[in-house]
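Some notes on the structure that comes next.
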Amino acid sequence: MDKYKILMELNRKEIFGEEISNTEKKEAVFVLLNGIDDEEGIRKYKKHMRVNPETDKIYPSYYIPPYNGNKKLRLVQGFLPKTNILYANYYELEIIRLLFRYAPENEKVKDMVEKTFLRLKGTCYGNSCMQGECTITGISVLRLLAAACPDDREWIDKLLSPLGDTFLAFGPGQAAIQKGIPLTYLLMVFTDVDNEKVKALIAQKKEWLLALLRRGWITGKLSNGKGSEADNYNLTGKYIIRNALGILPEYENISEHEIYINSKNDRCYCNI
């Protein structure tokens, strides 16, 4: 669970724009590198997933995802995965992304990145599969690519194009999940990918995103006393939307617009 907590906390700090000290980065790299699961553990996990450990490329090679009472834990922005393909790959790819960001010259990290990209090229979700949660798994692949291999424009575009087309089809209704895709996780990768195509996508949905940013989202219990764990991530979602809009030239200073929780109704807003 320590690795999961590190993954969640460092992503939270990135999203909220909080400083991450060099000490925190070094400690994270130490824990994550020393937390690589042994080969026998990986083999057992893959057998449990009913794949051949010798030839499998679908499941991770380094990190077995944690479970809480046999239940999956949430993604960094609050989405609760249904499939092990998404859960296991998201967990490993997000960890490797952090390792590359904080220790890009580490030989073990470089080897992990290289071998992971080779693995991903042999998967459907690494080649823009848009079926079920393979679509969301592709977002994790794109996040790692944007961090560790930003010059591979062909692969990035291969993943980005269908995701972008789906994003443009998003419309009114429940903002958290559109067409089976968690909006804020998609926006996290859009913020990471630095190219004109992404800026054009965000620009086309600008007014819709601004409306979501201004709308009050629940952060606690409803007036009837009911609430959900997912509501706790709504504040994080506001920051993610603000960060995504911030890639547009006209909103480069958007962080000056405060995101806050109204004490009267426990809803989060942005004063934009």
Side-chain angles (χ1 to χ4, degrees), residues 3-22 24-25 27-29 32 73-81 86-87 90-102 136 139-148 150 163 167 170 175-178 181-194 198-199 201-202 205-206 208-210 212-220 228-248 251-261 266-272:
K3 290 174 286 186
Y4 178 79
K5 289 177 181 177
I6 287 171
L7 177 65
M8 296 296 283
E9 177 59 12
L10 292 180
N11 268 279
R12 186 198 67 78
K13 285 194 167 189
E14 285 186 4
I15 291 165
F16 281 63
E18 297 177 10
E19 181 181 356
I20 302 173
S21 69
N22 288 331
E24 285 179 284
K25 293 176 182 178
E27 288 177 350
V29 170
L32 296 176
L73 303 174
R74 292 183 181 273
L75 274 58
V76 292
Q77 45 62 255
F79 181 76
L80 186 62
L86 168 59
Y87 185 46
Y90 139 81
Y91 182 67
E92 174 162 290
L93 299 183
E94 288 285 349
I95 286 177
I96 294 175
R97 174 184 173 273
L98 282 183
L99 285 170
F100 184 84
R101 281 175 58 81
Y102 300 155
I136 311 172
I139 296 175
S140 297
V141 176
L142 189 51
R143 281 256 291 171
L144 179 58
L145 267 174
L163 288 170
F167 174 65
F170 286 0
I177 303 173
Q178 293 267 338
I181 300 176
L183 170 65
T184 47
Y185 196 38
L186 183 59
L187 289 177
M188 285 177 73
V189 78
F190 282 176
T191 307
D192 290 344
V193 177
D194 182 19
V198 168
K199 291 178 183 177
L201 289 169
I202 297 295
K205 301 294 287 187
K206 177 177 66 176
W208 181 65
L209 292 172
L210 283 169
L212 293 179
L213 198 55
R214 293 170 180 138
R215 188 179 302 165
W217 284 357
I218 300 166
T219 57
S228 72
E229 184 186 357
D231 291 337
N232 296 328
Y233 289 89
N234 281 339
L235 182 64
T236 302
K238 289 288 186 186
Y239 278 90
I240 292 170
I241 294 172
R242 193 182 71 173
N243 293 344
L245 283 164
I247 71 175
L248 300 179
Y251 288 107
E252 61 182 6
N253 295 321
I254 199 170
S255 61
E256 296 175 1
H257 291 277
E258 180 187 4
I259 293 172
Y260 63 96
I261 298 175
D266 285 332
R267 291 175 180 262
C268 57
Y269 300 86
C270 180
N271 62 355
I272 188 170

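The analysis underlying the following values was restricted to heavy atoms, covering all of them including side chains, and did not include hydrogens, waters or symmetry mates.
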| Tell me, which pairs form a side chain to side chain donor-acceptor pair (under 3.5 Å) where one or both residues lie in residues 10-19, sequence neighbours left out? |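 Qualifying pairs: Glu9-Arg12, Asn11-Arg143, Arg12-Glu18, Lys13-Glu24, Glu14-Arg97, Glu14-Arg101, Glu14-Tyr102.
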Calculate, to the nearest 0.5 Å, the distance between atoms [atom1] and [atom2] belonging to [X] and [Y] respectively.
X: Leu142; Y: Leu186; atom1: CG; atom2: CG; answer: 9.0 Å
X: Ile241; Y: Arg214; atom1: CD1; atom2: CZ; answer: 12.0 Å
X: Asp194; Y: Ile247; atom1: CG; atom2: CD1; answer: 8.0 Å
X: Leu183; Y: Trp208; atom1: CG; atom2: CH2; answer: 4.5 Å
X: Leu163; Y: Leu201; atom1: CG; atom2: CG; answer: 9.5 Å
X: Ile254; Y: Cys270; atom1: CD1; atom2: SG; answer: 6.0 Å

Without swapping roles, check the side chain of [X] against the backbone of [Y] for a donor-acceptor pair under 3.5 Å.
X: Lys206; Y: Leu248; answer: no
X: Asn243; Y: Met188; answer: no
X: Asn271; Y: Glu258; answer: yes

| query | Are Ile139 and Ile181 close enough, and set up right, to give a side chain to side chain contact (heavy atoms under 4.5 Å, CB included), and what steps lead you there? | reply | CA-CA 10 Å; Ile139 296 175; Ile181 300 176; 3.9 Å; yes
Mind listing the closest non-hydrogen atom pair of [X] and [Y] along with its distance?
X: Ala28; Y: Ile6; value: CB-CG2, 3.8 Å
X: Thr219; Y: Arg267; value: OG1-N, 4.2 Å
X: Ile240; Y: Thr184; value: CG2-O, 3.2 Å
X: Val29; Y: Leu99; value: CA-CD2, 3.9 Å
X: Ile218; Y: Asn234; value: O-ND2, 2.6 Å
X: Leu73; Y: Pro81; value: O-CD, 3.4 Å

| field | Any side-chain heavy-atom pair of Val76 and Tyr90 under 4.5 Å | value |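 A side-chain contact exists here, since the closest heavy-atom pair is under 4.5 Å.
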| message | For a 4.5 angstrom cut-off between non-hydrogen side-chain atoms, does Lys199 reach Ile202? | response |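 Heavy-atom side-chain distance check fails, nothing below 4.5 Å.
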| field | Verdict with supporting geometry, Leu210 and Tyr251, side chain to side chain contact (heavy atoms under 4.5 Å, CB included) | value | CA-CA 11 Å; Leu210 283 169; Tyr251 288 107; 3.3 Å; yes
| request: Check step by step if side-chain hydrogen bond (donor to acceptor under 3.5 Å, both in side chains) holds for Ser140 and Tyr91. | output: CA-CA 9 Å; Ser140 297; Tyr91 182 67; over 6 Å; no
| message | According to side-chain contact (heavy atoms from CB on, under 4.5 Å), who are the partners of Leu80, at least two apart in sequence or on a separate chain? | response |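 In terms of side-chain contact (heavy atoms from CB on, under 4.5 Å), with neighbours along the sequence ignored, Leu80 is linked to Arg74.
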| said: Applying ring-ring contact (aromatic ring centres under 6.0 Å, His included), can you list everything that pairs with Tyr233, at least two apart in sequence or on another chain? | reply: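 For Tyr233 there are no ring-ring contact (aromatic ring centres under 6.0 Å, His included) partners, ignoring immediate neighbours.
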| request: List for me each residue that meets side-chain hydrogen bond (donor to acceptor under 3.5 Å, both in side chains) alongside Tyr269, sequence neighbours excluded, and say none if there are none. | output: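 Residues passing side-chain hydrogen bond (donor to acceptor under 3.5 Å, both in side chains) with Tyr269: Asn265.
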| request: Would you mind listing every salt bridge (Lys or Arg N to Asp or Glu O under 4.0 Å) that reaches into residues 233-247, with sequence neighbours excluded? | output: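 Sorted pair list comes back empty.
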| said: Does the plane of the ring in Phe167 sit parallel, tilted or perpendicular to the ring in Phe170? Use 30° and 60° as the thresholds. | reply: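 Taking Phe170 first and then Phe167, their aromatic rings stand perpendicular (interplane angle over 60°).
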| How are the rings of Phe16 and Tyr239 set to each other: parallel, tilted or perpendicular (split at 30° and 60°)? |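 Rings of Phe16 and Tyr239: parallel, under 30°.
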| query | Can you name the salt bridge (Lys or Arg N to Asp or Glu O under 4.0 Å) partners of Lys25, sequence neighbours left out? | reply |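 Checked Lys25 against salt bridge (Lys or Arg N to Asp or Glu O under 4.0 Å); zero matches.
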